[in-house]
Amino acid sequence: MNHEEIKSCCADAYSKDIVAMLLGDSYHPGGTALSRRLADRLALAPGARVLDVASGRGTTALLLADAYGVRADGVDYAPANTSLAQGAAEAAGLTGRTAFTTGDAEHLPYDDGIFDAVVSECALCTFPDKPRAAAEVARVLKSGGRLGITDVTADTDRLPPELRGLSARIACIADARPLDDYAKLLAAAGLRILTTERHDEAMIRMIDQIQARLDLLRITAPDRLADVGVDPDAAPAVLDAARAAVTDGVLGYALLTAVKSSP
């Protein structure tokens, strides 16, 4: 499967309602509480222009616009997510401070140097061409602008077989990297690391939440699970493997901030 097919597959999966039922409002560990911590680490101020890369249904962009008074743009590969985000902005009365666009993180549809900050949550690990995505983030940031990411970390050599393959990639695991690799990736794009934090406990909480929701959906909507390739009988073993991997330090979750160096 080539890069474009992988991106299309991931985007299609994350735009389905059944995935929202499994993951909740925020498609990443830590939910809006960790999004707020990320925003605080970036010292977002009212009027700043912020880009959310892989913005999904717009949860974080809308939070930033509402709670921090920024102008929030969101870009997502799935047209269905863009439409849902626009609808959510209208319902929240935030259309004047938000804008959502369908686009590719590896080819961002924005001019150079126009954003004060960029955020990306549980997304860099899914991008097939991570160096290109990092370079694009650096390109659209102003000099001195800041990047904040939260993402799955993984010791790839120790991942068990259950956590490899396309389904694990969609679940933000199979192509995740160690924290140091993310830092090196961003540094190569001209982004100087400011802070790193471990939030592995958020990963455990999300696995537990998915397990509880999966148990319910196995009874109430087994056909819809099958539509997105979730095998209700096999999924518990995958979740158990993921939980054990976090406990053993093979999987984790991290928050990282960086700044675009002056030329």
Side-chain angles (χ1 to χ4, degrees), residues 25-76 85 97-100 105-106 108 110 113-127 130-131 133-153 172 176-203 206 252-262:
D25 291 337
S26 296
Y27 287 13
H28 58 84
T32 55
L34 194 54
S35 297
R36 285 178 176 271
R37 182 167 183 83
L38 183 63
D40 292 340
R41 282 295 191 188
L42 293 174
L44 297 183
R49 189 171 183 192
V50 181
L51 174 65
D52 182 6
V53 178
S55 52
R57 300 183 176 205
T59 302
T60 295
L62 295 172
L63 169 67
L64 298 181
D66 186 38
Y68 293 84
V70 304
R71 159 62 191 267
D73 288 70
V75 60
D76 196 89
R97 295 210 305 272
T98 59
F100 295 96
E106 297 169 8
L108 291 173
Y110 303 99
I114 63 171
F115 290 103
D116 299 292
V118 174
V119 299
S120 186
E121 296 175 294
C122 209
L124 182 59
C125 62
T126 68
F127 300 151
K130 292 173 177 54
E136 280 292 276
V137 165
R139 179 183 65 78
V140 301
L141 273 172
K142 295 177 180 177
S143 179
R146 295 189 173 195
L147 165 68
I149 68 171
T150 60
D151 223 320
V152 177
T153 62
C172 301
R177 307 292 174 84
L179 180 57
D180 286 349
D181 282 12
Y182 288 130
K184 291 174 183 176
L185 183 74
L186 298 177
L191 300 163
R192 179 171 56 85
I193 305 305
L194 296 174
T195 61
T196 59
E197 299 177 357
R198 303 292 317 195
H199 290 274
D200 296 351
E201 74 287 348
M203 191 84 164
M206 188 167 197
Y253 205 70
L255 181 155
L256 185 152
T257 63
V259 62
K260 182 177 178 179
S261 303
S262 300

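From a predicted model like this one, the values you see are computed outputs, not experimental measurements. What you see below is based on every heavy atom in this structure, not just the backbone, and it leaves out hydrogens, waters and symmetry mates.
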Minimum heavy-atom distance between Phe100 and Gly58, given as atom pair plus value: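 Closest approach of Phe100 to Gly58: CE2-CA, 3.7 Å.
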If you round to the nearest 0.5 Å, how far is [atom2] of [Y] from [atom1] of [X]?
X	Y	atom1	atom2	result
Thr32	Arg37	OG1	CZ	14.5 Å
Arg139	Tyr110	CZ	OH	10.5 Å
Leu38	Leu42	CG	CG	5.0 Å
Ser55	Asp76	OG	CG	5.0 Å
Leu194	Leu256	CG	CG	8.5 Å

Residue pair [X] / [Y], side-chain heavy-atom distance below 4.5 Å:
X	Y	value
Arg198	Thr153	yes
Lys260	Leu147	no
Tyr68	Arg36	yes
Met203	Met206	no
Val53	Ile149	no
Leu64	Asp52	no
Leu44	Val50	yes
Val137	Leu51	no

Among Leu255, Thr59, Thr60, which one satisfies side-chain contact (heavy atoms from CB on, under 4.5 Å) with Glu121? Thr60
Under a 4.0 Å N-O cut-off, is there an ion pair linking Arg41 with Glu197? yes
Taking [X] for its side chain and [Y] for its backbone only, find out whether a donor-acceptor pair lies under 3.5 Å.
X	Y	answer
Ser261	Leu191	no
Glu106	Ala133	no
Arg97	Ala65	yes
Lys184	Asp181	no

Apply side chain to side chain contact (heavy atoms under 4.5 Å, CB included) to Arg49 and list each qualifying residue two or more places apart in sequence or on a separate chain. Arg71, Asp73, Ile114, Phe115, Asp116
side-chain contact (heavy atoms from CB on, under 4.5 Å) for Leu124 and Lys130? Distances and angles first, verdict last. CA-CA 7 Å; Leu124 182 59; Lys130 292 173 177 54; 4.2 Å; yes
Who passes ring pair (Phe, Tyr, Trp, His ring centres under 6.0 Å) against Tyr182, sequence neighbours left out? none
